[in-house]
Amino acid sequence: MPEKLKNNRAIAMLDAAAEGGYGVLGIVSYNLETIVAAVRAAEKKRSPIQILLFPWAIHYANGLLVNLAADACRSASVPITLHMDHAQEEDIIVKASDMQTQGHNSFDSIMVDMSHYEKEENLAKTKKLVAHCHERGIATEAEPGRIEGGEDG
């Protein structure tokens with residue numbers, strides 16, 4: 001594991017889940033109310049969760065929703081991480097990986113979804129973007145294939 005990923009909150013949370021034999025719920029969130037409700041429920045049940053945002057959240061309200069979500073995750077009394085799901089544009093992945101909230105990476109993990117490219121181009125782009133994220137201590141998920149359907153909310 002790259003050195004910068006050793007303190008990644010998403011990896012620690014998912015490793016603990018694997019060791020403990022339990023799953024971690026990922027909650028797709030479109031607004032502050034969903035984020036607050038998810039955090040409150042996780043704290044009440046003492047259960048870790050992931051808050052999932054789609055790429056549109058980067059631009060929404062000038063990134064304010066990302067900042068609010070990241071702050072809610074970091075200030076929770078249980079492990080809660082922020083994940084960018086199905087990021088399909090290189091510039092969005094770079095921007096998301098460079099975002100900071102209160103001196104920390106805003107996102108703990110990013111799904112690098114280059115599945116709309118042919119296999120070789122997908123793998124080359126994914127490799128480059130995963131390296132970019134890992135250099136910043138952000139865990140990644142990749143999508144090497146594609147199941148047709150709607151994405152980005």
Side-chain angles (χ1 to χ4, degrees), residues 1-58 60 63 65-89 92-115 122-123 125-153:
M1 175 184 311
E3 187 66 33
K4 291 192 176 186
L5 288 176
K6 289 190 178 179
N7 294 319
N8 180 278
R9 295 164 14 93
I11 292 171
M13 181 177 69
L14 294 174
D15 282 350
E19 284 180 30
Y22 59 89
V24 175
L25 182 65
I27 301 172
V28 175
S29 303
Y30 296 101
N31 54 41
L32 177 60
E33 292 80 8
T34 304
I35 295 164
V36 169
V39 169
R40 286 181 180 164
E43 289 180 325
K44 183 174 182 177
K45 292 297 182 179
R46 307 303 306 154
S47 177
I49 62 169
Q50 291 182 316
I51 300 291
L52 282 61
L53 298 179
F54 286 107
W56 65 266
I58 296 287
Y60 179 75
L65 185 64
V66 173
N67 293 336
L68 292 168
D71 189 48
C73 291
R74 289 199 173 271
S75 60
S77 62
V78 296
I80 300 179
T81 62
L82 186 59
H83 175 79
M84 168 69 64
D85 209 20
H86 289 283
Q88 296 184 329
E89 297 175 26
I92 290 292
I93 294 166
V94 169
K95 186 168 185 167
S97 67
D98 289 341
M99 289 182 80
Q100 296 275 310
T101 303
Q102 296 187 10
H104 300 281
N105 290 330
S106 296
F107 290 97
D108 300 292
S109 58
I110 297 174
M111 180 189 202
V112 177
D113 182 356
M114 298 289 110
S115 64
N122 174 343
L123 295 176
K125 287 178 180 289
T126 298
K127 182 178 180 180
K128 179 179 123 189
L129 291 164
V130 164
H132 180 85
C133 291
H134 287 182
E135 288 170 7
R136 286 149 182 77
I138 298 170
T140 54
E141 171 188 9
E143 188 159 322
R146 183 165 187 84
I147 298 173
E148 291 302 321
E151 294 181 3
D152 196 16

State which residues pass salt bridge (Lys or Arg N to Asp or Glu O under 4.0 Å) with Lys125; sequence neighbours excluded, sorted by chain then number. Glu90, Glu121
Quick one: closest heavy-atom pair of Pro79 and Met13, and the distance? O-SD, 3.7 Å
Go through the steps to decide whether Met84 and Val66 satisfy the test side chain to side chain contact (heavy atoms under 4.5 Å, CB included), and finish with yes or no. CA-CA 10 Å; Met84 168 69 64; Val66 173; 5.5 Å; no
Between Ile138 and Ser109, what is the shortest heavy-atom contact and its length? CG2-CA, 3.7 Å
What verdict does the side chain to side chain contact (heavy atoms under 4.5 Å, CB included) test give for Glu143 and Gln88, after you've listed the backbone C-alpha separation in whole Å, the side-chain angles of each residue and the deciding distance to 0.1 Å? CA-CA 10 Å; Glu143 188 159 322; Gln88 296 184 329; over 6 Å; no
List the steps, then state whether side chain to side chain contact (heavy atoms under 4.5 Å, CB included) holds for Asn105 with Ser97. CA-CA 7 Å; Asn105 290 330; Ser97 67; over 6 Å; no
How long is the straight-line distance from SG of Cys73 back to CD1 of Ile49, given to the nearest 0.5 Å? 7.0 Å
Please give me the minimum heavy-atom distance between Thr34 and Val28, naming the atom from each residue. CG2-O, 3.9 Å
Which value, rounded to the nearest 0.5 Å, describes the distance between Phe54 atom CZ and Tyr30 atom OH? 4.5 Å
Side chain to side chain contact (heavy atoms under 4.5 Å, CB included) assessment of His104 paired with Arg74: CA-CA 9 Å; His104 300 281; Arg74 289 199 173 271; 3.3 Å; yes
Between atom CZ of Phe107 and atom CG of Leu52, what is the distance when rounded to the nearest 0.5 Å? 10.0 Å
Donor-acceptor contact below 3.5 Å, side chain Glu43 vs main chain Ser77: yes
According to the salt bridge (Lys or Arg N to Asp or Glu O under 4.0 Å) rule, which pairs have a member within residues 5-31, sequence neighbours left out? Glu3-Lys6, Arg9-Asp108
Specify the closest pair of heavy atoms between Ser29 and Trp56, including all atoms of both residues, with the distance to one decimal. O-CZ2, 4.4 Å
To the nearest 0.5 angstrom, please state how far the CG atom of Leu129 sits from the CD1 atom of Ile93. 4.5 Å
Tell me whether Asn8 contacts the main-chain N or O of Gly137 through its side chain, where contact means a donor paired with an acceptor under 3.5 Å. yes
Which pair of heavy atoms, one from Ala139 and one from Leu5, lies closest together, and at what distance? N-CD2, 3.8 Å
Residue pairs involving residues 97-106 (criterion salt bridge (Lys or Arg N to Asp or Glu O under 4.0 Å); sequence neighbours excluded): Asp98-Arg136
Give me the one residue out of Leu82, Ile58, Asp85 that meets side chain to side chain contact (heavy atoms under 4.5 Å, CB included) with Leu53. Leu82
Does the Lys4 side chain pair with the main chain of Glu135, one donor and one acceptor, at a distance under 3.5 Å? yes
Hey, could you give me the CD1/CD1 distance between Ile80 and Ile35, rounded to the nearest 0.5 Å? 10.5 Å
Between Val24 and Ala17, what is the shortest heavy-atom contact and its length? CG2-CB, 3.7 Å
Using only atom types and a distance under 3.5 Å, with no angle test, would you say the side chain of Thr101 pairs donor to acceptor with the backbone of Met99? no
Verify the distance criterion only: is there a donor paired with an acceptor across the side chains of Thr126 and Asn122 at less than 3.5 Å? yes
Nearest 0.5 Å, please: how far is CD1 in Ile110 from NE2 in His132? 8.0 Å
